[in-house]
Amino acid sequence: MNNRYDVVIAGAGPAGGQCARDLAARGYDVVVLESESEDEFPRQSNKSTAGTFPSMMASFGVPDDVVMQYTDSVVLESPTEHFVYEQPGAVLEFADFKRFLVEDSRADGAEYRFDARVTAPITENDEIVGVRYNGDEEVYGEIVIDATGPAAPLAKKLGVVDLKRENHAIGIEYEFEGIDIDRPGFADLHDAMMLRLDHELAPGGYSWIFHTGEDTAKVGLCYIQNDSHEQYARDGYAIDDYLNHWMETDPRFANAERLEGKQHRGSAHIQMPGRMHTDRFMAIGDTVPTVDPLWGEGINKCMKSGRMAAIAADSCLKHGNVEPNAENLTVYENLWHRDVAPNVQTRQYMTQLLYLASNERYDRLMRDLNRFDEETLAEANRGNVRAVLKLLGPGDASLLAQFAKQQLGFDISR
């Protein structure tokens, strides 16, 4: 078995799979190490809600046959109000989508090693030169990429990322049948992806219903384990308890039944990203902290970061005399900040501010959104300061004071 490659990638998720696709298409020798067995892939890592937009599918050549349901709108709910945003989308069958990335990159020559749990970087002269997996097995590459998500065994040991527990987001999702998709008193969720802001259900986070056809949907919630969650959390409640509470109290689920084997759990970090690369190494996907106020778009961000890393690797490898050192791989971080998560600081602040707001403020937000043009929310989500300010008003003084105290470290109420 070959043990030397141009690029070694740890993790076969959307980021790692897309990076392998791009590099293999350019003719590089690529190997992807994945901890799961191929027969069951992706059982343990089938963690995403898999909601995305047609622009992502077109950008990355994703086929229609991995789509469970095309949607026409995004619905935002608060405890008593809702807002409908006309935005075409797609709910993917995440397992089929991940297997597509594997097979498509394999067709261009990428190699995959399943049952390969990465444990540590191999270094020489303080530079990473390879990866150790399954205890004592080794593989070497000119460039190594960590796409393992929050586990980040390579990025952490190299000191590239610092994923803080207090900003750890956790999520759970089930697929159901028998849901009342158009329940009186609620928004019509036919062909829709719905996100609900309601601390009763997801304190310091949000819940969702993604329609997948007829009376079926993906239903889940997530929250960030930080001050916002502590402020609104119920004593003794774990994330499963909140989902069960929603099932028991929302009339849309009165006749709903879980589909066997359709449970997904996941995690990510919501914090400002730090360093993403060093000599011969890049961290991509959810190994890098994510930031997006509302839509999430985790799949799109992961795949974009994989593509940016492939571009950076190509910029070094296509010229035999260009070392893939930290200086020459800086292009990756530049592209990440430009194309993956622009306006990252503003978006980070908006995320933190959003989850500090009360349920009453969420109701008012929905009423405000129904008065504004649809682009206001889209621009705010992209980090446009003017659009963010448009969503705030004189009544938000106490909310802003709380945000300043928690996030910026000073009390403006004095």
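Below, each value reflects all heavy atoms present in this structure, side chains not excepted, and no hydrogens, waters or symmetry copies.
Among Glu173, Glu93, Glu177, the single residue meeting the salt bridge (charged side-chain N to carboxylate O under 4.0 Å, His left out) criterion with Lys262 is Glu93.
Residues Val62 and Val66 come closest through the heavy atom pair CG1-CG2, 3.6 Å. Residues Leu391 and Thr376 approach most closely at CD2-CG2, 3.9 Å, considering heavy atoms. Contact between Met193 and Ala90 at its shortest, heavy atoms only, is CE-N, 4.2 Å. Taking all atoms of both residues into account, the shortest heavy-atom contact from Ile179 to Ala256 is CG1-CB, 4.0 Å. Between Gly11 and Thr148 the shortest heavy-atom distance is N-CG2, 4.2 Å. Scanning all heavy atoms of the two residues, the minimum distance from Val331 to Ser315 falls at CG1-OG, 3.9 Å.
Within the 3.5 Å criterion, the main-chain N or O of Gly285 finds a donor-acceptor partner in the side chain of Ser305. A donor-acceptor contact shorter than 3.5 Å is absent between the side chain of Asp279 and the backbone of Glu127. Checked by atom type and distance alone, the side chain of Asp6 pairs as donor or acceptor with a backbone atom of Asp29 at under 3.5 Å. Between the side chain of Asn384 and the main chain of Glu379, no donor-acceptor pair closer than 3.5 Å is present. Judged by distance alone, with hydrogens and angles left aside, the side-chain atoms of Thr119 form a donor-acceptor pair with the main-chain N or O of Arg132 at under 3.5 Å. The backbone N or O of Ile224 lies less than 3.5 Å from no partner atom in the side chain of Ser228, so there is not a single donor-acceptor pair. With hydrogens and angles disregarded, a donor-acceptor distance shorter than 3.5 Å links the side chain of Ser78 to the backbone of Glu81.
Taking the charged nitrogens against the carboxylate oxygens, Glu360 and Arg367 have no contact shorter than 4.0 Å, which rules out a salt bridge. Under the 4.0 Å criterion applied to side-chain N and carboxylate O atoms, Glu323 and Arg280 are assigned as salt-bridge partners. In summary, Glu77 and Arg252 engage in a salt bridge, as defined by a charged side-chain N under 4.0 Å from a carboxylate O. A salt bridge links Asp396 with Arg361: at least one charged nitrogen is closer than 4.0 Å to a carboxylate oxygen.
Using cut-offs of 30° and 60° on the angle between ring planes, the pair Tyr237 and His245 is perpendicular. Tyr242 and Tyr223 have perpendicular rings, their planes meeting at more than 60° on a 0 to 90° scale where under 30° would count as parallel. Ring pair Trp208/Phe210 is tilted by interplanar angle, where 30° to 60° counts as tilted.
Glu36 has its side chain within reach of Pro42: a pair of non-hydrogen atoms, C-beta onward, lies under 4.5 Å apart. Inter-residue side-chain proximity for Leu221 and Ile239 is flagged as met; some heavy-atom pair is nearer than 4.5 Å. Looking at heavy atoms from C-beta onward, Asp191 lies in side-chain contact with His211 at the 4.5 angstrom threshold. Using a 4.5 Å cut-off on side-chain heavy atoms (C-beta onward), Met282 and Leu329 make contact. Side-chain contact between Ser358 and Tyr232 is present, with heavy atoms from C-beta onward closer than 4.5 Å. By the 4.5 Å heavy-atom criterion applied to side chains, Tyr28 and Leu317 are counted as neighbours. Residues Glu142 and Val7 are not in side-chain contact: their nearest non-hydrogen atoms beyond the backbone lie 4.5 Å or more apart. Using a 4.5 Å cut-off on side-chain heavy atoms (C-beta onward), Thr123 and Val129 make no contact.
By the 6.0 Å and 45° rule, Arg258 stacks over the aromatic ring of Tyr174.
Counting heavy-atom neighbours within 6.0 Å of Glu260 CD, excluding the residue itself, gives a total of 12 or less. More than 12 heavy atoms of other residues, nucleotides or ligands lie within 6.0 Å of CG in Asp240, so this atom counts as buried by the packing criterion. In this structure, Asn334 places its CG atom where more than 12 heavy-atom neighbours from other residues, nucleotides or ligands lie under 6.0 Å away. Counting heavy-atom neighbours within 6.0 Å of Arg386 CZ, excluding the residue itself, gives a total of 12 or less.
Remark: Val161 pairs with Ala152, Ala155, Lys156, Leu163, Ala283 by the side chain to side chain contact (heavy atoms under 4.5 Å, CB included) rule, at least two apart or across chains.
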* To do: Evaluate side-chain contact (heavy atoms from CB on, under 4.5 Å) for Val160 paired with His277, printing each intermediate quantity in order.
  => CA-CA 6 Å; Val160 172; His277 81 288; 5.8 Å; no
* Dump the intermediate steps for side-chain contact (heavy atoms from CB on, under 4.5 Å) on Tyr5 and Val32, then the final yes or no. => CA-CA 10 Å; Tyr5 296 83; Val32 182; over 6 Å; no
* Under the side-chain hydrogen bond (donor to acceptor under 3.5 Å, both in side chains) criterion, do Gln231 and Gln402 qualify, and how do the steps go? -> CA-CA 12 Å; Gln231 178 179 346; Gln402 185 182 6; 2.6 Å; yes
* Evaluation steps, side-chain contact (heavy atoms from CB on, under 4.5 Å), between Ile311 and Leu335 -> CA-CA 9 Å; Ile311 291 171; Leu335 290 171; 3.8 Å; yes
* Let me see the working for Tyr362 and His199 under ring pair (Phe, Tyr, Trp, His ring centres under 6.0 Å), right down to the final yes or no. => CA-CA 10 Å; Tyr362 288 152; His199 294 299; 5.2 Å; yes
* To do: Go through the steps to decide whether Glu38 and Arg106 satisfy the test salt bridge (charged side-chain N to carboxylate O under 4.0 Å, His left out), and finish with yes or no.
  => CA-CA 13 Å; Glu38 185 166 9; Arg106 269 179 168 166; 2.7 Å; yes
* Walk me through it: do Leu76 and Leu369 pass the test side-chain contact (heavy atoms from CB on, under 4.5 Å)? => CA-CA 10 Å; Leu76 299 183; Leu369 290 174; 3.8 Å; yes
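Within the model, atoms OG1 of Thr71 and NE2 of His190 stand 13.5 Å from one another, a figure rounded to the nearest 0.5 Å. Here Met276 contributes atom CE and Asp146 contributes atom CG; the two are 13.5 Å apart, rounded to the nearest 0.5 Å. With rounding to the nearest 0.5 Å, the separation of CH2 in Trp336 from OG1 in Thr330 is 15.0 Å. Atom-to-atom distance recorded for Ile145:CD1 and Tyr332:OH is 8.5 Å, nearest 0.5 angstrom.
For the residue pair Asn321 and His319, no side-chain donor N or O sits within less than 3.5 Å of a side-chain acceptor on the partner. Using modelled atom types and a 3.5 Å distance limit, the side chains of Ser37 and Asp39 yield no donor-acceptor pair. With 3.5 Å as the limit, one finds a donor-acceptor pair spanning the side chains of Asn359 and Asp198. No side-chain donor from either of Asn244 and Asp241 sits under 3.5 Å from a side-chain acceptor of the other.
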Contacts table for residues 12-27: side-chain donor-acceptor under 3.5 angstrom, sequence neighbours left out:
unit_1, atom_1, unit_2, atom_2, d
Gln18, OE1, Arg21, NH1, 2.8
Gln18, NE2, Asp22, OD1, 3.0
Gln18, NE2, Asp22, OD2, 3.4
Arg21, NE, Asp104, OD2, 2.8
Arg21, NH1, Phe60, O, 2.8
Arg21, NH2, Phe60, O, 3.2
Arg21, NH2, Asp104, OD2, 3.0
Asp22, OD1, Arg307, NH2, 3.2
Asp22, OD2, Arg307, NE, 2.9
Arg26, NH1, Asp22, O, 3.3

